Protein chains: 2
Amino acid sequence: MNNPLILVVEDENALRENITAIIAHYGFRVISAPSGEAGVKMAVESNPDIIICDIMLPGIDGFEVLAQIKQAQQSATHAFIFLTAKSTRSDTRAGMNMGADDYLTKPFTKEELLNSIKARMEKLAQIRQSQPEKDALIEASLEKITSLTKAERKVLNKIAEGFTTPQIAEKLFVSKKTVENHRVNISRKLDLSGPNSLINFALRLRAQKSTIPFPDNVPAAPSH
Amino acid sequence: MNNPLILVVEDENALRENITAIIAHYGFRVISAPSGEAGVKMAVESNPDIIICDIMLPGIDGFEVLAQIKQAQQSATHAFIFLTAKSTRSDTRAGMNMGADDYLTKPFTKEELLNSIKARMEKLAQIRQSQPEKDALIEASLEKITSLTKAERKVLNKIAEGFTTPQIAEKLFVSKKTVENHRVNISRKLDLSGPNSLINFALRLRAQKSTIPFPDNVPAAPSH
DNA sequence: TTAAAAATGAGTGGATCCACTCATTGTAAA
DNA sequence: TTTACAATGAGTGGATCCACTCATTTTTAA
């Protein structure tokens with residue numbers, strides 16, 4: 001698994017920046033959200049490998065974040081780590097029973113955080129275990145992916161998840177026409193043509209890389 | 001998931017029988033082992049969905065059990081729940097960092113046990129089912145592939161190679177109509193439906209099995 | 001030999017994908 | 001502010017996929 005993507009959902013600015021800094025320093029790609037609502041949106045869009053989420057959040061809380069992500073993204077090939085100041089037994093059980101994968105009690109050390117991430121990562125790698133026989137077409141196109149815009153990357157991600165145009169339109173809250181336009185633009189940028197070439201490309205790409213690098217993990221195409 | 005299998009590794013006879021009775025009472029299949037060594041052997045043989053394992057065991061301890069099972073069975077997608085009397089933070093972290101999925105501190109109630117099992121079960125079901133990219137669909141369909149005829153296998157093979165209907169028709173020296181008919185029949189036999197579902201299936205099948213068992217490696221479906 | 005299944009091909013219709021053009025609105029940089 | 005690009009959405013048309021039905025010929029098994 002190369003370059004895992006980690007999403008941090010934490011409302012306290014200092015703690016959020018601290019965590020993201022630690023994660024980034026150890027070579028993982030990281031994105032963050034200051035609220036549950038933003039976290040859900042980002043998770044659906046970017047499909048991170050690991051989600052680290054505080055339970056006490058303004059607006060919807062961590063439990064609700066987990067529930068909504070489970071709802072929206074049935075392809076739960078990610079790990080969910082809860083953060084909390086409360087460490088009562090019933091609280092811990094509630095989190096785990098909702099489908100969390102780990103439960104870190106604040107304050108936690110850098111090592112505890114990293115070890116937890118590492119353990120979940122290994123678990124995920126075990127689960128996925130897709131063999132990476134290199135594909136010339138994919139390899140050649142990897143550079144060109146950087147020329148895709150944010151919206152185009154979102155669409156490509158959904159294509160790779162196996163969704164059809166109408167489904168993608170619904171999930172991204174845009175019209176089918178817009179999705180179709182994005183598909184055409186993606187195909188053009190990647191030099192693809194012919195029926196099924198895009199779904200074909202997306203699935204092979206996904207077979208190689210656990211998650212597609214976008215849309216906020218990688219700088220979008222420059223405006224000019 | 002039908003009839004999940006749960007393995008209980010616990011040396012105290014009373015507790016082990018108590019746990020297995022609870023689990024069995026709620027309709028799950030359950031097997032048990034009184035030692036780590038027996039537990040590892042049983043896990044490798046029976047490939048249970050969930051392993052509930054005490055940490056304090058005579059002979060090899062729970063950590064070692066987990067390590068050995070991970071070693072022997074790296075492809076298995078199962079959940080591992082630790083049981084322990086010690087509930088210190090460092091102890092919990094050690095267990096989770098080794099790849100455990102939950103950590104129950106003794107004494108625990110029947111509800112805590114069942115909820116933990118239920119949560120891990122849902123997680124497993126999600127993983128297996130979703131892997132839109134993976135096993136559940138493929139695995140479930142592997143048997144059905146044997147019901148495909150020779151011509152249908154040839155077509156499925158070409159689909160997996162990324163060819164479109166017109167290309168397949170040309171390569172197999174038949175008309176496009178014939179290929180289309182085969183595609184429909186394949187979809188029907190594999191319980192697929194919707195646009196791209198076939199190419200999607202074929203590519204995932206190919207990603208999973210380096211060589212697809214057909215068209216000439218496996219006997220065709222019996223004529224009647 | 002006879003009956004069943006497979007393989008081939010055609011017809012029809014609907015849904016989707018692909019590829020163009022065009023327009024509007026928003027955003028970001030010169 | 002002006003300019004360029006992104007994002008959105010619509011229109012059109014063609015190719016393909018999907019799902020039916022139907023028919024003919026060939027192969028296979030009883």
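Computed from a prediction, not measured in an experiment: that's the story for all the values here. So you know, we letter chains A, B, ... as the sequences are listed, proteins then strands, and number each from 1.
Listed by first and then second residue, the salt bridge (charged side-chain N to carboxylate O under 4.0 Å, His left out) pairs that reach into residues 54-66 of chain A are A:Asp54-A:Lys106, sequence neighbours excluded.
Between the C1' atom of D:dG9 and the CG atom of A:Leu172 lies a distance of 15 Å, rounded to the nearest Å. One atom, CD of A:Glu152, and another, P of D:dC5, lie 14 Å apart when rounded to the nearest Å. Straight-line distance from the CG atom of A:Leu190 to the P atom of C:dC18: 12 Å, rounded to whole Å. A straight line from NZ of A:Lys189 to P of C:dA19 spans 15 Å, rounded to a whole angstrom. At whole-Å resolution of the value, CD1 in B:Ile186 and C1' in D:dC18 are 13 Å apart. One can place CG of A:Asn185 at 13 Å from C1' of D:dG9, the figure rounded to the nearest angstrom. In this structure, CD1 of B:Ile168 is placed 13 Å from P of C:dT8, rounded to the nearest angstrom.
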Please set out all donor-acceptor pairs under 3.5 angstrom arising from side-chain atoms of residues 19-26 of chain A, sequence neighbours excluded.
from    : atom 1 : to      : atom 2 : distance (Å)
A:Thr20 : OG1    : A:Arg16 : O      : 3.1
A:Thr20 : OG1    : A:Glu17 : O      : 3.0

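For A:Lys176, there are no salt bridge (charged side-chain N to carboxylate O under 4.0 Å, His left out) partners, not counting sequence neighbours. For B:Ser116, the side-chain hydrogen bond (donor to acceptor under 3.5 Å, both in side chains) partners are B:Asp102, not counting sequence neighbours.
Taking five base pairs at each end of the helix from C:dT1-D:dA30 to C:dA30-D:dT1, the local helix axes there meet at an angle of 50°, rounded to 10°.
Regarding contacts with the backbone of D:dC20, a side-chain N or O of B:Arg188 is found under 4.0 angstrom from either OP1 or OP2. OP1 or OP2 of D:dC5 has not a single side-chain nitrogen or oxygen of A:Thr149 nearer than 4.0 Å. OP1 and OP2 of C:dA7 both lie 4.0 Å or more from every side-chain N or O belonging to B:His182.
Two rings, from B:Tyr103 and A:Tyr103, have their centers 6.0 Å or more apart.
Proximity of a side-chain donor or acceptor of B:Asp101 to a complementary backbone N or O of B:Ala79 within less than 3.5 Å is not detected.
With salt bridges taken as basic N to acidic carboxylate O contacts below 4.0 Å, none links A:Glu180 and A:Arg183.
Around atom CD of B:Glu170, no more than 12 heavy atoms belonging to other residues, nucleotides or ligands sit under 6.0 Å away.
Across all strands, A:Val174 comes closer than 4.0 Å only to sugar-phosphate atoms, never to a base (heavy-atom distances).
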N/O-N/O pairs, protein side and nucleotides 10-17 of chain D side, under 3.5 Å:
from   : atom 1 : to       : atom 2 : distance (Å)
D:dA10 : N6     : A:Asn181 : OD1    : 3.2
D:dA10 : N6     : A:Asn181 : ND2    : 3.3
D:dT12 : O4     : A:Lys177 : NZ     : 3.0
D:dC17 : OP1    : B:Thr165 : N      : 3.3
D:dC17 : OP2    : B:Thr165 : OG1    : 2.7

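Taking CG from A:Leu104 and CD1 from A:Ile52, the interatomic distance works out to 8.0 Å, rounded to the nearest 0.5 Å.
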